[in-house]
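A short write-up of the structure that comes next.
Quantities reported herein were computed from a predicted structural model and do not represent experimental measurements. To find a chain, count down the sequence lines: A is the first, B the second, and so on, and within it residues start at 1.
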Amino acid sequence: MRSRRRPRRLRPREQVLGRRAPGRSFLHRAPGGLKVLVLAIVTAAVLLIREPMVSLGVVVLVLVTAGAARVPLRMILVLVRRLWLLLTVLVVLQLMLNDLFTTAEVLSRILACLLAAQLLMLTTEPTELVGVLRRILTPLRFLGVRPGRVALAALITLRSIPYLADTFHLAGQQARARGLERDLRARTVPLLLGAVNHARNTGRALNARGIEEV
Amino acid sequence: MTEAAGIEFTRVRVVAGDRLLLSIPALQLTEPRITVIGPNGGGKSTLLQLINGLVEPTEGFVSVDGHDTVDHGRAVRQSAGFVFSSPAAQLVMPTPLEDVELSLRRTVRDSSARRAAATQCLTELGIADLADRSSQELSSGQQQLVALATVLVLKPRILLLDEPTTLLDLINARRFIQQVEALGQRQKITTITATHDLDLAARADRTLLVQGGRIVADGPPERVIGTYRQHSTV
Ligand SMILES: Nc1ncnc2c1ncn2[C@@H]1O[C@H](COP(=O)(O)OP(=O)(O)O)[C@@H](O)[C@H]1O
Ligand SMILES: [Mg+2]
């Protein structure tokens, strides 16, 4: 048997977007509106109280709730891994400009909000969130806001994510096929052109169907 | 390491998550013109991308002229050019000439030599007059020829074409194929083409039918295309 580097894994397509935690726990079944409300209250509390202990308490609470709903911890913490660079820069800046206590306070606040939001995203269908958005906006009708249109825009945005992820992946493959994997231009231009094209096509298709809101 | 010429698959399986996308126990490709046909989602693109290492086999080995595609991906990709089906998405520079030059950036240091080689390549494909036009304004047929140029300028020994004419009209598709065939013969390039155009598929020394992640027929084009037609009657 020949030996060689381990082959690169092929990332399953759904995984690019479908970061939904599997399961039918109480958290999955809870109404989307209620979850958004709780998230709003928790976030407001964390931002207003500015107490590291409160923020850390929220972090623990989020993790315990996730555990009770059988949401894998790694699916929540993956957010920290994706943002580690940003968080590190933030911590360093805070340490330079402020003291240790402030740094801990800022970091714990950010983590609490991020992780709570991540838990909501993991246990709620995107379409349900769009419905919540529409209900929230409904009282603003008298200001000329058309909730159905905003909801449609949100829905289209969500639907576009897998398309863009695919385009991004394809652009990477095309760049790699030409030996240009380090070339920023080769990796991004097709994505931008694809995005514009997709937007135009989506608009035309909706127009043709006479759809203006959901 | 075996010094076999050509492309060799050994106990290859490609898995994404828990889905088996393609399984090829053994396959050797040595003919100069090979075509790949089969339904959408059958595994044609996966097969083609295995050959230049864009997809790496989850299990098993793929080698090109004795070079493993995992260990020598870059080298393999240099000798195996790839043309995708979407013409516009493959061009990344403002003009065709710049795009062809971009391909040479790592291999040719001198910029005037780069320009000369790029110009010559466009001339060979009969599109020298497009050199300084805006890439995004060209017709799909012209764009696909430019995409071909960006690959050919690297003098590949193998050319992988993934549904290269699917988005082109009849005239432009013919023109594209003629160019590929003429150049393939002149420069002794092995071409492997995935296509839904059965007339195009018939112009080969060997045809593979890929369906459900397996090669279900393999042999002379007429016979394999016949099998595909039978499979597809509704
Ligand atoms: N990264 C991926 N994750 C999951 N499924 C994939 C991935 N890439 C390809 N597939 C699936 O593998 C199958 C074969 O795809 P492909 O080789 O593109 O087929 P073809 O080119 O013949 O249309 C399809 O069902 C496709 O959806
Ligand atoms: Mg394909």
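- With a 4.5 angstrom heavy-atom cutoff, B:V14 touches chain A only via side-chain atoms.
- With B:L159 as the partner, the side chain to side chain contact (heavy atoms under 4.5 Å, CB included) test is satisfied by one option alone out of B:L148, B:T190, B:T193, B:I192: B:L148.
- Using a 4.5 Å cut-off between heavy atoms, B:L91 contacts chain A through its backbone alone, with no side-chain atom that close.
- Among B:D162, B:V36, B:L160, the one residue that satisfies the side chain to side chain contact (heavy atoms under 4.5 Å, CB included) test with B:L47 is B:V36.
- Ring pair A:H198/A:Y163 is parallel by interplanar angle, where below 30° counts as parallel and above 60° as perpendicular.
- For B:Q78, no part sits under 4.5 Å from any heavy atom of chain A, backbone or side chain.
- Within the 4.5 angstrom heavy-atom criterion, only side-chain atoms of A:D183, from C-beta onward, approach chain B.
- No side-chain donor-acceptor contact under 3.5 Å links B:Q187 to the backbone of B:R157.
- With chain A as partner, the option from B:A80, B:G73, B:A89 having the largest number of non-hydrogen pairs under 4.5 angstrom is B:A89.
- Of the listed residues (B:V151, B:N52, B:L102), the greatest number of heavy-atom pairs within a distance under 4.5 Å of chain A belongs to B:L102.
- For the pair B:E56 (side chain) and A:R8 (backbone), a donor-acceptor distance under 3.5 Å is present.
- Residue with the most contacts toward chain A among B:L21, B:T150, B:V55, B:L154: B:T150 (heavy-atom pairs, distance under 4.5 Å).
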Using side chain to side chain contact (heavy atoms under 4.5 Å, CB included), reason through B:L97 and B:R115 one step at a time and then give a plain yes or no.
CA-CA 8 Å; B:L97 186 63; B:R115 174 138 302 192; 3.8 Å; yes
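- For B:S103, the parts lying under 4.5 angstrom from a heavy atom of chain A are both the backbone and the side chain.
- Electrostatic pairing of A:R178 and B:D99 counts as a salt bridge here, judged by a charged N lying under 4.0 Å from a carboxylate O.
- Residue contact with chain A, scored on non-hydrogen atoms closer than 4.5 Å, involves the side chain of B:R106 exclusively.
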